[in-house]
Amino acid sequence: MKKNYGTWYTLPLAVWISLFFVIPIAIVLIYSVLTRDYTGGVIWKFSLDSFSALANSSFIRATATTVFIALVSTAITIVLALPVAYYMARSRSNTILLLLVVVPFWVNFLIRVYAWMAVLGQEGFLNDLIRWMGLTNEPVTFLFNIWAVIIVHVYAYLPYAILPLFTTIEKFDFGLLEAARDLGASHVKSLTKIMLPNVQSGIITAVLFTFIPILGSYAIPDLIGGTDSTMLGTIVALNLRTGNNWPLASAISVVLTIITSVGLLLYFLYNQRLEKVHLQFQEETK
Amino acid sequence: MTRRPRVSRAVYWAVVAFLFFPLLVLLFYSFNEGKGFQWMGFSLRWYQKLFSNSRELWASVENSLIIGLSAATVSTVIGTLGAIGLNWYKFFGKKYIQAVSFIPLILPEIVIGVSLLIFFASNLRGIGTVLDGLAATAPLGVAQLLMVLAIPFHVELGMGTILVAHISFTLPFVILMVLARLSEFDYSIIEAARDLGAKELDILFRIIIPISIPGILSGFLTAFTLSLEDFVVTLFVQGPNSQTLPLYIYGHVKKGLPPEVNAFSVILIVFTMVLMFSVRNLLKYMVKSK
């Protein structure tokens with residue numbers, strides 16, 4: 001008789017993940033519809049105050065800024081990551097090329113952010129350089145604006161886009177490109193019409209891996225950004241750590257979770273459809 | 001012949017330059033005589049200061065290492081067992097475990113931080129207070145029992161809560177890595193062992209674990225790195241005396257980091273590179289010698 005040990009193997013995992021993930025998330029959901037206690041914490045009385053506070057103009061602006069920063073950074077990241085991954089996949093020495101992309105990310109995330117402050121700061125490298133070249137004596141403010149925030153996000157999330165793209169492009173049959181060229185397609189056309197559709201799953205993974213973390217970003221807008229780049233993460237942290245508005249922090253977390261879940265759902269639906277198409281294709285070609 | 005990928009090559013090298021540029025700037029300033037980012041001349045004084053007079057920095061590194069190693073260990077044990085169960089068995093609640101184990105992978109980190117802080121700071125303490133209240137009115141004997149029960153609920157934010165948080169968000173990565181390894185493995189070997197009379201524990205320790213060592217190792221390393229890297233979740237669940245390296249940097253960065261941090265970063269980069277290359281060669285060696 002075969003005994004089933006599955007429950008035993010997964011018991012610690014089930015307990016841990018329920019206690020320290022499912023329950024806390026459930027609490028956040030509940031807290032988002034409770035009343036704020038000004039001394040911190042909540043009063044157990046149903047209230048939609050925090051959700052109606054979300055209709056506040058400053059919050060709407062922060063949401064718009066967050067989505068804008070996430071969209072633009074993700075777009076730039078993908079546009080840069082695609083040729084990088086393509087070049088790596090086509091090269092024979094791709095281990096070294098891969099290492100060169102990954103090595104900078106062995107440095108602590110905050111040190112990397114700080115390095116950008118050293119580059120862009122008032123007293124930083126670029127200003128030093130400008131002064132040394134005699135272009136201007138007034139320090140230029142590169143930091144504390146939305147474009148600096150976008151640059152650093154691109155910097156921080158590039159490898160998260162390059163790696164999944166590299167793994168899918170590597171599996172792509174480059175012979176198809178040659179076939180397209182032989183049939184008269186231009187170089188650009190063969191890339192956009194043949195390769196891009198074939199590596200779609202990698203592109204989607206890369207988008208998810210960059211877009212979602214940027215949505216919840218906190219350190220970068222806090223350190224690099226200014227008044228024009230307040231993101232949702234900044235507001236959450238402010239309300240939770242100093243503002244003592246737990247229901248509002250919870251409500252924003254709920255919004256972030258909903259945005260993420262919708263994205264994920266679309267991803268899974270799309271993947272299922274893709275699989276179906278593949279199956280059909282295999283059936284037909286049999 | 002296809003055309004040589006000229007455009008993509010140019011973009012690749014531009015991106016690599018972009019990735020290295022800020023780090024080279026740090027390297028440059030680590031040798032700066034002056035305190036700020038203005039070049040005052042070459043000097044090794046910050047390297048000297050780093051090793052003679054930077055207690056707070058090293059204490060934070062120590063905390064990071066303690067938390068990283070413990071979190072990775074616990075996470076690897078729970079995650080490996082979980083992956084084995086998920087890979088080969090059907091049981092009640094499997095769908096639930098599969099679903100909730102992978103959600104933390106994709107949820108914005110800040111949401112995990114918020115939920116754990118609220119969980120630690122309010123509900124657990126609330127239960128503790130209720131138990132204490134009950135103990136005050138309960139008859140002797142029961143009262144003692146209730147007070148003992150209340151102890152784990154009096155949570156103080158600090159190393160402990162950071163550890164719990166790090167185990168939680170590194171678990172999915174360990175499960176993924178071990179699952180990837182297990183899925184290549186032929187289940188009939190286990191059936192054969194079982195038919196020959198092997199006990200489940202024998203199978204676990206003599207077959208499954210040895211075979212999944214590469215997955216377990218990469219799971220451990222990933223968990224360890226993620227723990228060292230984490231800032232957002234740690235920021236929320238931190239307490240007094242639990243400053244990790246990212247928290248140290250964050251705490252000082254706004255008023256200007258002490259320059260020895262530049263020197264530290266350079267040493268860290270060199271150290272990680274040496275470590276990674278030796279781990280890589282070790283793994284290669286292990287694979288070859290099999």
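Below, all heavy atoms of this structure are taken into account, side chains as well, without hydrogens, waters or symmetry copies. Quick note on labels: first sequence line is chain A, next is B, and so on, each numbered from 1.
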- Interatomic distance, A:Arg112 atom CZ to B:Leu26 atom CG [nearest 0.5 angstrom]: 11.5 Å

- Is there a donor in the side chain of A:Ser18 and an acceptor in the side chain of B:Tyr96, or the other way round, less than 3.5 Å apart? yes

Exercise answer: donor-acceptor pairs, residues 105-119 of chain B side-chain atoms, under 3.5 Å, sequence neighbours excluded:
residue: B:Ser115; atom: OG; partner: B:Val111; partner atom: O; Å: 3.3
residue: B:Ser115; atom: OG; partner: B:Ile112; partner atom: O; Å: 2.9

- Message: Pairing donors with acceptors under 3.5 angstrom, does anything connect the side chains of A:Tyr9 and B:Asn87?
- Response: no

- Of the listed A:Trp16, A:Tyr218, A:Trp8, the one with the largest count of heavy-atom pairs under 4.5 Å with chain B is A:Trp16

- NE2/A:His187 to CZ/B:Arg6 distance, rounded to the nearest 0.5 angstrom? 9.0 Å

- Note on the structure: Nearest heavy-atom contact between B:Gly82 and A:Thr10 is O-CG2, 3.5 Å

- Message: Please classify the contact between A:Val103 and chain B as side chain, backbone, both or neither, with a heavy-atom cut-off of under 4.5 Å.
- Response: side chain

- Item | Option in B:Val77, B:Val16, B:Leu268, B:Val253 with maximal non-hydrogen atom pairs under 4.5 Å from chain A | B:Val253

Extract all donor-acceptor atom pairs below 3.5 Å that involve side chains of residues 20-27 of chain A and protein atoms in other chains or at least two apart in sequence.
none

- Who among A:Ala118, A:Ser253, A:Ala14 has the most heavy-atom pairs with chain B under 4.5 Å? A:Ala118

- By a 4.5 Å heavy-atom criterion (distance strictly below it), what part of B:Leu228 contacts chain A: side chain, backbone, both, or neither? backbone

- The interface call for A:Ala237 against chain B, heavy-atom contacts under 4.5 Å, is both

- Of the backbone (N, CA, C, O) and the side chain (C-beta and beyond), which part of B:Phe18 lies under 4.5 Å from a heavy atom of chain A, both, or neither? both

- Hey, what do you get for OG (B:Ser265) to CD1 (A:Ile111), rounding to the nearest 0.5 Å? 3.5 Å

- Note on the structure: Closest heavy-atom pair, A:Tyr114 versus B:Val261, reported as atoms and distance to 0.1 Å, is CE2-CG1, 4.4 Å

- Are B:Phe20 and A:Leu100 close enough, and set up right, to give a side chain to side chain contact (heavy atoms under 4.5 Å, CB included), and what steps lead you there? CA-CA 9 Å; B:Phe20 276 91; A:Leu100 276 177; 4.1 Å; yes

- Under the salt bridge (charged side-chain N to carboxylate O under 4.0 Å, His left out) rule, what pairs show up with a residue in residues 259-272 of chain B, not counting sequence neighbours? B:Lys49-B:Glu260

- Can you check whether A:Val113 reaches B:Phe231 side chain to side chain, under 4.5 Å on heavy atoms? no

- Closest-packed option against chain B by number of heavy-atom pairs under 4.5 Å, given A:Tyr155, A:Trp132, A:Phe109, A:Phe209: A:Tyr155

- Message: With rounding to the nearest 0.5 angstrom, report the OG to CE distance, B:Ser8 to A:Met88.
- Response: 11.5 Å

- Query: Considering only heavy atoms, which portion of A:Thr260 lies under 4.5 Å from any heavy atom of chain B: side chain, backbone, both, or neither?
  - Reply: side chain

- Query: What part of B:Ile97 is in contact with chain A, defined as an atom under 4.5 angstrom from a non-hydrogen atom: side chain, backbone, both or neither?
  - Reply: side chain

- Note on the structure: On a heavy-atom basis, the closest approach of A:Gly124 and B:Tyr29 is C-OH, 3.7 Å

- When only heavy atoms count and the cut-off is under 4.5 Å, which of residues 160-168 of chain B reach chain A? B:Val164, B:Ile167, B:Ser168

- Relative to each other, are the rings of B:Phe21 and A:Trp116 parallel, tilted or perpendicular (30° and 60° limits)? perpendicular

- Message: Let's go through B:Trp88 and A:Tyr5 carefully: what are the C-alpha distance in whole Å and the side-chain angles of both, what is the deciding distance for side chain to side chain contact (heavy atoms under 4.5 Å, CB included) to 0.1 Å, and is it a yes or a no?
- Response: CA-CA 9 Å; B:Trp88 280 318; A:Tyr5 292 97; over 6 Å; no

- Task: Using a cut-off of 6.0 Å, state whether more than 12 heavy atoms not belonging to A:Tyr160 lie near its atom OH.
- Result: no

- Query: With only heavy atoms counted, which part of A:Val28 is less than 4.5 Å from chain B, the side chain, the backbone, both or neither?
  - Reply: side chain

- chain B contact via A:Leu97 - which portion, at a heavy-atom distance below 4.5 Å: both

- About how many Å separate CG of B:Leu81 and CG of A:Leu11, when rounded to the nearest 0.5 Å? 10.5 Å

- Sort out for me which of B:Phe91, B:Phe236, B:Phe92, B:Phe264 touches chain A most, counting heavy-atom pairs under 4.5 Å. B:Phe91

- Using non-hydrogen atoms and a 4.5 Å limit, figure out which bit of A:Leu19 sits close to chain B: side chain, backbone, both or neither. both

- Task: Check whether A:Leu80 gets within reach of chain B through its side chain, its backbone, both or neither, counting any heavy atom under 4.5 Å.
- Result: both

- Partner chain B: residue of A:Ile214, A:Asp182, A:Leu240, A:Leu82 with the largest heavy-atom pair count (under 4.5 Å): A:Leu240

- Task: Against chain B, work out which of A:Ala115, A:Ser250, A:Ala81 has the most heavy-atom pairs shorter than 4.5 Å and name it.
- Result: A:Ala115

- Note on the structure: When every non-hydrogen atom of A:Leu98 is compared with those of B:Tyr12, the smallest separation belongs to N-OH, 4.4 Å

- Message: Can you tell me which portion of A:Ser32 sits under 4.5 Å from chain B's heavy atoms? Options are side chain, backbone, both or neither.
- Response: neither

- Note on the structure: Residue from B:Val15, B:Thr80, B:Thr225 scoring the most non-hydrogen pairs under 4.5 Å with chain A is B:Val15

- Quick one: what part of B:Val100 sits under 4.5 Å from any heavy atom of chain A, side chain, backbone, both or neither? both

- Among B:Leu245, B:Val232, B:Leu204, which has the most heavy-atom pairs under 4.5 Å with chain A? B:Leu204

- Query: Does any heavy atom of chain B fall under 4.5 Å from the side chain of A:Asn108, the backbone, both, or neither of them?
  - Reply: both

- Item | Between A:Val119, A:Asp128, A:Ile17, the one whose heavy-atom pairs under 4.5 Å with chain B are most numerous | A:Asp128

- May I have the step-by-step check of side chain to side chain contact (heavy atoms under 4.5 Å, CB included) for A:Asp222 and B:Tyr250, ending in yes or no? CA-CA 10 Å; A:Asp222 190 49; B:Tyr250 182 72; 2.4 Å; yes

- Kindly compute the distance separating OG1 (A:Thr7) from NZ (B:Lys90), expressed to the nearest 0.5 Å. 13.5 Å

- Item | Which atoms of A:Ile151 approach chain B - backbone, side chain, both or neither, heavy atom under 4.5 Å | both

- Please state whether the side chain, the backbone, both or neither of B:Gln98 comes within less than 4.5 Å of a heavy atom of chain A. neither

